[in-house]
There are 2 protein chains.
Amino acid sequence: MSFKYTPPKYAQLIAELERRIESGEYPPGSPLPSEHQLMAEFGMARPTVVKALGVLRDQGWIVTHQGKGRFVRGRPAIASGQQTRMGRELLDRKEAQVESSLLSAGPVPAPNRIAAYLNIEPKSPVVLRKILVTRDDEASEISSTWVPADVAEGTPLTGTDDLKQGVRRYVEAAAGIQLDHIVEHVTARNPTREECKLLGVKPSAALLAVYAVAREATGKPWVVVETVLPGDRHELEDAYPIK
Amino acid sequence: MSFKYTPPKYAQLIAELERRIESGEYPPGSPLPSEHQLMAEFGMARPTVVKALGVLRDQGWIVTHQGKGRFVRGRPAIASGQQTRMGRELLDRKEAQVESSLLSAGPVPAPNRIAAYLNIEPKSPVVLRKILVTRDDEASEISSTWVPADVAEGTPLTGTDDLKQGVRRYVEAAAGIQLDHIVEHVTARNPTREECKLLGVKPSAALLAVYAVAREATGKPWVVVETVLPGDRHELEDAYPIK
DNA sequence: TCAGCCAACTTGACTGACCAAGTTGCTCTC
DNA sequence: GAGAGCAACTTGGTCAGTCAAGTTGGCTGA
């Protein structure tokens, strides 16, 4: 006795039209069959056809022009919202799953930049958790997590064991909120003396510094994850539509 | 005799629901009125109500749960696709509208990195257009545009006049294509001797280097716009949803 | 008291129909 | 030959109705 999931009709139409676009049957720039033709071919009501075509338009597979028709663009080069983003990775990184060593984990006064990102007073108590990440036996990056002390208290963030979950989980649970979006800041700077030693770079080296500030839906920030990477060995990559 | 645009009914419903969410009448976490209630209150058919609610869901104002109802999230912190992106600005920048001076404009052999981004052989002929951008009478960034020579030939990119349009327009017209998306690479490096002189920084300074590669929908790249900024004076900022 | 069932409620999907707005090509008139 | 009008076609918006799938609360029976 097996149960078979049948997708809704509009989803089936989406899949078939994508297949035809991908196969070249409907090449970029060519007109799509009219709604009326698709209704006849697939035996569907117009609103069902229109729903499928609406999804394809929203995803960027086609463009529509009232009175003229719909035209093929092709598989969207950018899968909307699908890109890997540095901040997301940092927030969800499980220390137990990467080669890393804990440098420090405990309360410190918030430096000016971190205080500004967290919207708190400079020198407010925050918990700093700092690790050195290694890749292929080479020191690769230094990652620092900054959480307001009253939130981090009692969480594994202040402990010495490798984190089995990403920072996000601990902060969400401790603060009883859901993190919504990340504001990411990228800059370049020279390394501190400590960073020179840990990363094996010269004092004149150029480091990429990324600060991912995670906020809840209202915009209130709850955690900053900073990572510094030697510029000669790392490059951030991102893709987005032109308009 | 005046003509007044009346938005479609579903758009009016969207606007009213957004207003109520923003005003606190429907606070975050609270249930939205059911479809049936909205139909009665606004005198609309169910598909019209559903269409409006679908847009609000897609934009992140609400979340929906079949059988349970729809719940308020609030104004999305990230307006999808609305962020300013460095690559977009670079591609559409009109030299005539910024304080800049032309450093060079002419054919050069493609350096390795640029060739890789343009998917051409190293040392292939490309046109390099390089400008120094000034802000508040201070040298701020060096921007270089790299276009395959056969595309740039005959365009204002090889000329000495300030560009009145962004690079995008010239490339699209010359190549007879439409640019679709940008793949952006960010790294940190030390300045060249020339850059030290132009930007007024020390050889040990850390520069942010941004390469925006503009591609058509098929993924074929057509132009690279590089910009280098002193790290101590610049920071890139970006925001995106966590999931 | 607890578990199961059912009714009422909710959103998801689908149908058929009609009117509005935009596009294009053909025909007719000047 | 050029311009205007109209018919046929296209997508955009709206209505009314039905069935499917999921949730919740109340009632009944063990």
Side-chain angles (χ1 to χ4, degrees), chain A residues 1-18 20-21 25-74, chain B residues 1-18 20-21 25-74:
Chain A
M1 189 142 57
S2 71
F3 297 95
K4 185 166 182 192
Y5 168 69
T6 302
K9 291 180 108 173
Y10 78 95
Q12 293 176 43
L13 178 53
I14 291 171
E16 176 60 20
L17 292 177
E18 286 176 356
R20 292 183 183 179
I21 294 172
E25 188 174 338
Y26 297 158
S30 67
L32 220 53
S34 71
E35 297 173 357
H36 208 82
Q37 288 168 332
L38 292 171
M39 283 161 66
E41 182 185 342
F42 291 93
M44 294 180 192
R46 187 181 160 230
T48 308
V49 168
V50 166
K51 179 159 187 169
L53 294 170
V55 171
L56 288 173
R57 180 200 65 224
D58 289 344
Q59 291 181 348
W61 286 85
I62 62 175
V63 290
T64 71
H65 196 149
Q66 182 174 342
K68 205 167 175 176
R70 292 178 171 92
F71 301 86
V72 177
R73 283 182 83 251
Chain B
M1 190 150 47
S2 72
F3 297 97
K4 186 169 183 193
Y5 168 70
T6 302
K9 289 179 113 174
Y10 79 95
Q12 293 176 44
L13 180 53
I14 292 171
E16 177 59 20
L17 292 177
E18 286 176 357
R20 291 183 184 180
I21 293 172
E25 190 173 337
Y26 298 158
S30 66
L32 219 54
S34 70
E35 297 173 357
H36 209 83
Q37 287 168 332
L38 293 170
M39 283 162 66
E41 183 186 344
F42 290 93
M44 294 180 192
R46 190 178 158 228
T48 307
V49 168
V50 166
K51 179 160 185 166
L53 294 171
V55 171
L56 289 172
R57 181 202 63 224
D58 289 344
Q59 291 181 350
W61 286 85
I62 62 176
V63 290
T64 71
H65 196 149
Q66 182 174 345
K68 204 167 177 175
R70 292 178 171 92
F71 300 87
V72 178
R73 284 182 80 251

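Here D/dT14 presents its P atom at 14 Å from CZ of B/F42, a figure rounded to the nearest Å. Straight-line distance from the CD atom of B/Q12 to the P atom of D/dG13: 13 Å, rounded to whole Å. Rounded to whole Å, atom P of C/dT10 lies 13 Å from atom CG of B/L53. Between the CD atom of A/E35 and the P atom of D/dG12 there is a distance of 7 Å, given to the nearest Å. The separation between A/R57 atom CZ and D/dT10 atom C1' is 15 Å, rounded to whole Å. Remark: C1' of C/dT10 and CD of B/Q37 are 10 Å apart, rounded to the nearest angstrom. Residue B/K51 contributes atom NZ, which lies 7 Å from atom P of D/dT14 at whole-angstrom precision. If you take NE2 of B/H36 and C1' of C/dG12, they are 17 Å apart, rounded to a whole angstrom.
Comparing C/dT11, D/dG13, D/dG12 by their closest approach to the side chain of B/P8 singles out D/dG13. Distances were taken from every side-chain heavy atom of A/A45 (C-beta onward) to each of D/dC15, C/dG12, C/dT15; the shortest belongs to C/dT15. Comparing atom distances between the A/Y10 side chain and each of D/dC15, C/dA13, C/dG16 picks out C/dA13 as nearest.
Residues forming a side chain to side chain contact (heavy atoms under 4.5 Å, CB included) with B/P8 (at least two apart in sequence, or on another chain): B/Y5, B/Y10, B/A11.
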Check nucleotides 22-25 of chain D against the protein and report each pair of N or O atoms closer than 3.5 Å, with its distance, or say if there are none.
from, atom 1, to, atom 2, distance (Å)
D/dG22, N2, B/G67, O, 3.0
D/dT23, OP1, B/H65, NE2, 3.4
D/dT23, O4', B/G67, O, 3.2

Open item on the list: Applying side chain to side chain contact (heavy atoms under 4.5 Å, CB included) to B/E41 and B/E16, what does each step give before you reach the verdict?
Closed with: CA-CA 12 Å; B/E41 183 186 344; B/E16 177 59 20; 5.9 Å; no
Task: Derivation of the side chain to side chain contact (heavy atoms under 4.5 Å, CB included) call for B/I21 and B/W61 - done: CA-CA 8 Å; B/I21 293 172; B/W61 286 85; 4.0 Å; yes
Task: B/L38 vs B/M44, side chain to side chain contact (heavy atoms under 4.5 Å, CB included): CA-CA, chis, key distance, verdict - done: CA-CA 8 Å; B/L38 293 170; B/M44 294 180 192; over 6 Å; no
Open item on the list: Under the criterion side chain to side chain contact (heavy atoms under 4.5 Å, CB included), I'd like the reasoning laid out for B/L32 against B/Y26: C-alpha separation, chi angles, the key distance, then a yes or no.
Closed with: CA-CA 7 Å; B/L32 219 54; B/Y26 298 158; 3.5 Å; yes
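Proximity of A/R70 to the phosphate of D/dT11: a side-chain N or O atom is located under 4.0 Å from OP1 or OP2. Considering only side-chain N and O atoms, A/S34 lies nowhere under 4.0 angstrom from the phosphate OP1 or OP2 of D/dC9. At C/dT11, none of the side-chain N or O atoms of B/T64 fall inside 4.0 Å of OP1 or OP2 (strictly under the cut-off). In this structure, A/T48 does not reach the C/dA13 phosphate: none of its side-chain N or O atoms is under 4.0 Å from OP1 or OP2.
Across all non-hydrogen atoms, the minimal contact from A/E25 to A/P27 is O-CD, 3.3 Å.
Checked against A/L53 for a side chain to side chain contact (heavy atoms under 4.5 Å, CB included), the options A/I62, A/L13, A/D58 give a single hit: A/I62.
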Open item on the list: For Watson-Crick and G-U wobble pairs within 3.5 Å on both distances, what is DNA chain D written in dot-bracket notation, | included for inter-strand pairing?
Closed with: ||||||||||||||||||||||||||||||
